[in-house]
Amino acid sequence: MVSLGHPLRRSAAPSGQEEKLPRRRERGPAVSYTNHCTFHDPKTTGEPGEKSSQRGPAREELLGLSIATLSTVTHYGLHFTLISDISLDGNSYRVIHYKAFYFGICLSMTLILAALLSSAATVRESQCLTAMGFFCFALAFCGLIPAACWRYTHSMEVEDSMMDVYDFVYEEVRRNSSNFRRDELTAIHEAFLCCGKHSPFGDTTNVELKTCPHSQAHDVGQDCLQVIQFFLKKHMDLVFSLLGITIGFMVYGMILTSFLWFSIHFSSNLERKGKYILRER
């Protein structure tokens, strides 16, 4: 029985030769022309796209670890813990100190979770995991924008609260020479490597001689208020730079997860359609 897809033949001229008709298009197990529309699975293909799809999540994980490290150093660092322990209940520095630590830890955990979800979504081609990764990136982005705005609007509040703590301890030592406050003032001088402050009263020599380190003399010692201001400004600039980089990666992560979701969605729809093939002779 002759298949309809096979070329028909008929007798031609008196020479006895056969004249072939043109081949017709048919369906069957032959060469597929839909390979360009299929989504390659990195688990099975092992093509170079596997590395490129996982570079983004690896960067988010590294960024999350960096934020967690900076938050831990800020919370448990000698300079910050010393001021936080000395500050009174009415001072706002202790509240800012704890809020900054918890915000940094939550942000780093969100970034690491988003990176892991994005990696799993790329490997498994799961739309649900991709949507969850996008939600984590969007959540972190919504938290970073107010944090960056707070950096501009309340940057002086942190600086003033730290210097208020030093002024309070310094004045307590100058007035009644309390041993407890004197030890706290000495600890501040040793931590920040400074010596006293320029007072309009001009009677700070005794205080500085009793509380400043031996390596710091009154004539060459740096003003502690200026040292604290410079130290905090440098630290806040580092925090703001890390916030800016994180915001940029959040936008990149949301765009990447959105593109991945649409790629998986349209790839699954294309696999359900028929394929046009040609039989080769």
Side-chain angles (χ1 to χ4, degrees), residues 63-64 66-111 139-175 178 180-181 183-201 204 207 211 221-250:
L63 191 60
S66 301
I67 294 176
T69 303
L70 182 61
S71 301
T72 304
V73 171
T74 302
H75 185 72
Y76 295 102
L78 176 61
H79 302 81
F80 299 101
T81 54
L82 185 61
I83 299 296
S84 178
D85 294 339
I86 297 175
S87 62
L88 302 177
D89 295 335
N91 195 295
S92 60
Y93 176 77
R94 184 175 297 178
V95 178
I96 298 173
H97 183 72
Y98 283 99
K99 284 185 177 181
F101 171 71
Y102 291 125
F103 174 78
I105 294 299
C106 293
L107 179 61
S108 63
M109 292 176 63
T110 304
L111 289 178
L139 183 64
F141 179 79
C142 293
L144 285 169
I145 295 301
C149 296
W150 186 90
R151 162 66 176 82
Y152 273 108
T153 57
H154 295 80
S155 60
M156 296 300 298
E157 181 179 352
V158 182
E159 180 179 326
D160 293 340
S161 61
M162 289 188 70
M163 290 191 293
D164 288 343
V165 172
Y166 180 80
D167 283 333
F168 171 76
V169 177
Y170 189 90
E171 293 300 326
E172 285 291 320
V173 174
R174 189 181 66 84
R175 289 172 184 175
S178 173
F180 178 71
R181 295 299 180 185
D183 295 337
E184 293 178 346
L185 186 61
T186 303
I188 294 176
H189 289 165
E190 292 178 353
F192 287 92
L193 298 179
C194 59
C195 183
K197 67 174 185 177
H198 299 290
S199 175
F201 300 102
T204 60
V207 176
T211 58
Q222 301 183 35
D223 188 355
C224 283
L225 295 179
Q226 295 180 359
V227 172
I228 293 174
Q229 184 180 10
F230 177 75
F231 171 80
L232 186 61
K233 182 180 181 302
K234 187 166 61 173
H235 185 79
M236 293 297 289
D237 290 340
L238 177 62
V239 171
F240 184 72
S241 300
L242 190 58
L243 285 178
I245 296 173
T246 308
I247 290 175
F249 272 100
M250 291 305 97

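Keep in mind that this is a model prediction, so the values were computed, not measured.
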| query | Hey, do the aromatic rings of Tyr152 and Phe240 have their centres closer than 6.0 Å? | reply |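 For Tyr152 and Phe240, the ring centres are under 6.0 Å apart.
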Answer yes or no: is there a side-chain heavy-atom contact under 4.5 Å between [X] and [Y]?
X: Leu242; Y: Leu63; answer: yes
X: His235; Y: Leu70; answer: yes
X: Leu185; Y: Tyr170; answer: yes
X: Val169; Y: Phe180; answer: no

| task | Quick one: list whatever passes salt bridge (charged side-chain N to carboxylate O under 4.0 Å, His left out) with Asp85, sequence neighbours left out. | result |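 Counting only residues at least two positions away or on another chain, Asp85 forms no salt bridge (charged side-chain N to carboxylate O under 4.0 Å, His left out).
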| request: Return the set of residues passing salt bridge (charged side-chain N to carboxylate O under 4.0 Å, His left out) with Lys99 (not counting sequence neighbours), or none when no residue passes. | output: none
Side-chain donor-acceptor pairs under 3.5 Å in residues 102-110, sequence neighbours left out?
residue, atom, partner, partner atom, Å
Ser108, OG, Gly104, O, 3.2
Ser108, OG, Ile105, O, 2.7
Thr110, OG1, Cys106, O, 2.8

| request: For the pair Phe80 and Tyr93, name the ring-plane relationship: parallel under 30°, tilted 30 to 60°, perpendicular over 60°. | output: parallel
Give a yes or no on whether the backbone of [Y] and the side-chain of [X] come within a donor-acceptor separation of less than 3.5 Å.
X: Arg181; Y: Glu172; value: no
X: His79; Y: Ala191; value: yes
X: His189; Y: Cys195; value: no
X: His75; Y: Tyr98; value: no

Can you tell me how far apart [atom1] ([X]) and [atom2] ([Y]) are? Round to the nearest 0.5 Å.
X: Phe101; Y: Thr72; atom1: CZ; atom2: OG1; result: 5.5 Å
X: Lys197; Y: Glu171; atom1: NZ; atom2: CD; result: 4.5 Å
X: Ile188; Y: Leu193; atom1: CD1; atom2: CG; result: 13.0 Å
X: Ile67; Y: Leu111; atom1: CD1; atom2: CG; result: 5.0 Å
X: Phe141; Y: Ile247; atom1: CZ; atom2: CD1; result: 6.5 Å
X: Leu243; Y: Leu144; atom1: CG; atom2: CG; result: 6.0 Å

| request: Could you pull out the closest heavy-atom pair between Val165 and Ser87, with the gap in Å? | output: CG2-CB, 3.6 Å
| request: Can you see which heavy atom on Val227 is nearest to which on Cys194, and at what distance? | output: CG2-CB, 3.9 Å
| request: Determine, stepwise, if the pair Asp167 / Leu225 fulfils side-chain contact (heavy atoms from CB on, under 4.5 Å). | output: CA-CA 9 Å; Asp167 283 333; Leu225 295 179; 3.8 Å; yes
| query | Are Arg151 and Asp237 within salt-bridge range, i.e. N to O under 4.0 Å? | reply | yes
